[in-house]
Amino acid sequence: MGETMRVGVFRDGVFRCVFLNGTVGAGKTSVAQAAAALLAADGVPHAVVDLDWLRYAWPAPSGDPFNRDLELANLAALVTNFRAAGPTVLILAGVIEGSAQRQQYELALGCPLMAIRLDAQPATIRDRLRHRHGSLDPALEWHLHRAGELQAILEEANADDAVISTEGRDVSQVATAVIGLATEHAAETDTSKRSPATK
């Protein structure tokens, strides 16, 4: 699929969301930034949000340890502002642990999303986390434990539209794959809206 078609699909004025899902250390934020660079190169208005920052508050409520309610409320407010500013593609980096959470995100966004899970071998994830945090970071052990735990949850939930393996690929290659899948998804969605359903 060529660059021209990519631009055409994303310039139809429809607001779309691409959600990069994955465990800690999967590369979501880096890939989101690289995907944004590809869209910028194509002249596609877009925005990027790392959802971790939308829930970064302490202390978290006892019944909501990851501050998801705060995250969703902040996301809804941001989407309103982004839509008014003109971006037609919103790239989110975060975690969807199941279909119920996916529905909550879509409600906050006001539109369907395409969820793409970034996957890697556990050893690769652990290496990335050790490189990111360093051996002296007290948060390293928590992240190492959470990475495997969350990866199992995401695989079991299977709430994604597609899964991309990041093994043996650099960030730009993964970002290109993300944009390619998002383009195909957008084109298929547009076609289904225009064409009557067939059985």
Student: Would you check, one step at a time, whether the test side-chain contact (heavy atoms from CB on, under 4.5 Å) holds for M114 with L181?
Tutor: CA-CA 9 Å; M114 181 187 189; L181 285 172; 4.0 Å; yes
Student: Are D161 and I116 close enough that some pair of their side-chain heavy atoms sits under 4.5 Å apart?
Tutor: no
Student: State, without any angle test, whether Y105 and E71 hold a side-chain donor-acceptor pair at a distance under 3.5 Å.
Tutor: yes
Student: Run the side chain to side chain donor-acceptor pair (under 3.5 Å) test against T88 and tell me which residues pass, sequence neighbours left out.
Tutor: none
Student: Within the 4.5 Å heavy-atom criterion, are N67 and W58 side-chain neighbours or not?
Tutor: no
Student: Do the non-hydrogen side-chain atoms of E141 and H145 ever get within less than 4.5 Å of each other?
Tutor: no
Student: Measure the shortest side-chain to side-chain distance between L154 and R117 over non-hydrogen atoms and say whether it is less than 4.5 angstrom.
Tutor: yes
Student: If you define the side chain from C-beta out and look only at heavy atoms, does anything of L51 sit under 4.5 Å from F19?
Tutor: yes
Student: For the residue pair A120 and R128, what are the closest heavy atoms and their distance?
Tutor: CB-NH1, 4.0 Å
Student: What are the two closest non-hydrogen atoms of N21 and D160, and how far apart are they?
Tutor: ND2-OD1, 2.9 Å
Student: Going by atom types only, do Q151 and D119 share a side-chain donor-acceptor pair under 3.5 Å?
Tutor: yes
Student: Restricting to non-hydrogen atoms, name the atom on C17 and the atom on C111 that form the minimum distance, rounded to 0.1 Å.
Tutor: CB-SG, 4.4 Å
Student: Once salt bridge (Lys or Arg N to Asp or Glu O under 4.0 Å) is applied, do any residues pair with E106, and if so which ones, sequence neighbours excluded?
Tutor: R102
Student: Any non-hydrogen side-chain atom of F82 less than 4.5 Å from a side-chain atom of V49?
Tutor: yes
Student: Do L38 and D42 make a side-chain contact, defined as non-hydrogen atoms from C-beta onward lying under 4.5 Å apart?
Tutor: no
Student: Do L75 and L92 make a side-chain contact, defined as non-hydrogen atoms from C-beta onward lying under 4.5 Å apart?
Tutor: yes
Student: Looking at every non-hydrogen atom in both residues, tell me the closest pair between R169 and I164 and how far apart they are.
Tutor: NH1-CG2, 3.1 Å
Student: Check the pair I91, L39 against side-chain contact (heavy atoms from CB on, under 4.5 Å), reporting the backbone distance first and the verdict last.
Tutor: CA-CA 10 Å; I91 303 173; L39 292 177; 3.8 Å; yes
